[in-house]
Amino acid sequence: MFTCCLGCCGDAGSGHIPLKEMPTVQLDTHHMGTDVVIVKSGRRICGTGGCLANAPLHQNKSYFEFKIQSTGVWGIGVATQKVNLNQVPLGRDINSLVLRHDGSVYHNNEEKNRLPANSIPQEGDIVGVTYDHVELNLYLNGKNMQCPSSGIRGTVYPVVYVDDSAILDCQFSDFYHTAPHGFEKILFEQQIF
């Protein structure tokens, strides 16, 4: 009498091919520091060390967010797979470009920029990141911080690190704030073509 069209009843010889589920962008437990803990389906980081997301930034204009659940030592930005995820803070070499908890943006052990003094992210704040293969820009609770930084080369991934009791949640879709014009969530390579 009733027909199941969602595949929950088996294919019953219908010849339908099940759709392949698209992967979800999340923190990658194969690319994290040894003392890092990833929970909440790959969205929350705690412990000590860094972690890359599981999708590189292939598209021209990417956007992602981090919510500071608990303050401490932390950093967010982009990095190559060559980054040492056990050595915090990141931004010490050519393999990472990160905003640190004190409002400084570091790449290759050089301060590239700094958030305005009255705009240091606090517990509960949302930090948005845009990246267009040249420049990384930062947003605090949806407001552009006018803090561009550049210099990293090659294939990069979103990166986050924590230490000293910091806990951060990552948002790679379903953002708290609307992505800036022209920027969108991270797409897996097969979704682009």
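All of these numbers come straight from a predicted model, not from anything done at the bench. The basis for the numbers below is simple: all heavy atoms, side chains too, and nothing from hydrogens, waters or symmetry mates.
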Expected output: side-chain [X] to main-chain [Y] donor-acceptor under 3.5 Å:
{"X": "Gln59", "Y": "Asp132", "result": "no"}
{"X": "Arg92", "Y": "Pro89", "result": "yes"}
{"X": "His101", "Y": "Ala166", "result": "no"}
{"X": "Arg43", "Y": "Phe172", "result": "no"}
{"X": "Ser70", "Y": "Ser165", "result": "yes"}
{"X": "Glu110", "Y": "Lys112", "result": "no"}
{"X": "Gln171", "Y": "Asp174", "result": "yes"}
{"X": "Gln69", "Y": "Ile167", "result": "no"}
{"X": "Asn95", "Y": "Thr80", "result": "no"}
{"X": "Ser96", "Y": "Val98", "result": "no"}

Taking the side chain as every heavy atom from C-beta outward, state whether [X] and [Y] have any atom pair closer than 4.5 Å.
{"X": "Leu97", "Y": "Tyr106", "result": "no"}
{"X": "Ile94", "Y": "Ile152", "result": "no"}
{"X": "Leu85", "Y": "Cys51", "result": "no"}
{"X": "Val160", "Y": "Phe66", "result": "yes"}

Check against side-chain contact (heavy atoms from CB on, under 4.5 Å), His133 and Val156: CA-CA 9 Å; His133 292 285; Val156 298; 5.6 Å; no
Intermediate values then yes/no, side-chain contact (heavy atoms from CB on, under 4.5 Å), Leu52 and Val83: CA-CA 9 Å; Leu52 296 176; Val83 68; 4.2 Å; yes
Heavy-atom pair of closest approach, residues [X] and [Y]:
{"X": "Pro158", "Y": "Ile186", "result": "CG-CD1, 3.4 Å"}
{"X": "Phe64", "Y": "Val78", "result": "CZ-CG1, 4.1 Å"}
{"X": "Leu136", "Y": "Gly77", "result": "CD1-CA, 4.1 Å"}
{"X": "Leu90", "Y": "Gln87", "result": "CD2-O, 3.3 Å"}
{"X": "Ser150", "Y": "His107", "result": "O-CD2, 4.4 Å"}
{"X": "Gly42", "Y": "Gln26", "result": "O-CB, 3.5 Å"}

Remaining members of the apolar cluster that contains Tyr63, side-chain heavy atoms under 4.5 Å: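 Grouped by the 4.5 Å side-chain rule, Phe175, Phe183 form the rest of the cluster around Tyr63.
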Interatomic distance, [X] atom [atom1] to [Y] atom [atom2] [nearest 0.5 angstrom]:
{"X": "Arg114", "Y": "Ser104", "atom1": "CZ", "atom2": "OG", "answer": "5.0 Å"}
{"X": "Met145", "Y": "Asn113", "atom1": "CE", "atom2": "CG", "answer": "12.0 Å"}
{"X": "Asp93", "Y": "Asn109", "atom1": "CG", "atom2": "CG", "answer": "8.5 Å"}
{"X": "Asp163", "Y": "Cys46", "atom1": "CG", "atom2": "SG", "answer": "12.0 Å"}

In one Ile/Leu/Val/Met/Phe/Trp/Tyr side-chain cluster, 4.5 Å: Val73, Val105: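 Different clusters: Val73 never reaches Val105 through Ile, Leu, Val, Met, Phe, Trp or Tyr contacts under 4.5 Å.
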ILVMFWY network linking Val88 to Val129, side-chain heavy atoms under 4.5 angstrom: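 Different hydrophobic clusters.
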Chi angles and distances behind the side-chain contact (heavy atoms from CB on, under 4.5 Å) call for Thr48, Val162: CA-CA 5 Å; Thr48 298; Val162 291; over 6 Å; no
Test item: side-chain donor near acceptor, Asn137 and Glu135, under 3.5 Å: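 Checked: Asn137/Glu135 side chains pair up, N/O donor to acceptor below 3.5 Å.
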Which donor-acceptor pairs under 3.5 Å do the side chains of residues 115-127 make with protein atoms, sequence neighbours left out?
{"from": "Gln122", "atom 1": "NE2", "to": "Ile120", "atom 2": "O", "distance (Å)": "3.1"}
{"from": "Asp125", "atom 1": "OD1", "to": "Asn141", "atom 2": "ND2", "distance (Å)": "3.0"}
{"from": "Asp125", "atom 1": "OD2", "to": "Gln122", "atom 2": "N", "distance (Å)": "2.8"}

With sequence neighbours excluded, residues passing salt bridge (charged side-chain N to carboxylate O under 4.0 Å, His left out) with Arg100: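 Salt bridge (charged side-chain N to carboxylate O under 4.0 Å, His left out) check on Arg100 returns nothing, list empty.
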ring-ring contact (aromatic ring centres under 6.0 Å, His included) contacts touching residues 136-167 (sequence neighbours left out):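 Found none.
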Give the table of side-chain donor-acceptor pairs shorter than 3.5 Å for residues 31-40, with sequence neighbours excluded, one pair per line with atom names and distance.
{"from": "His31", "atom 1": "ND1", "to": "Asp28", "atom 2": "OD2", "distance (Å)": "2.9"}
{"from": "His31", "atom 1": "NE2", "to": "Gln81", "atom 2": "NE2", "distance (Å)": "3.4"}
{"from": "Thr34", "atom 1": "OG1", "to": "Asn86", "atom 2": "OD1", "distance (Å)": "3.2"}

Pairs involving residues 44-72, ordered by first then second residue, that meet salt bridge (charged side-chain N to carboxylate O under 4.0 Å, His left out) (sequence neighbours left out):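 For residues 44-72: Arg44-Asp169.
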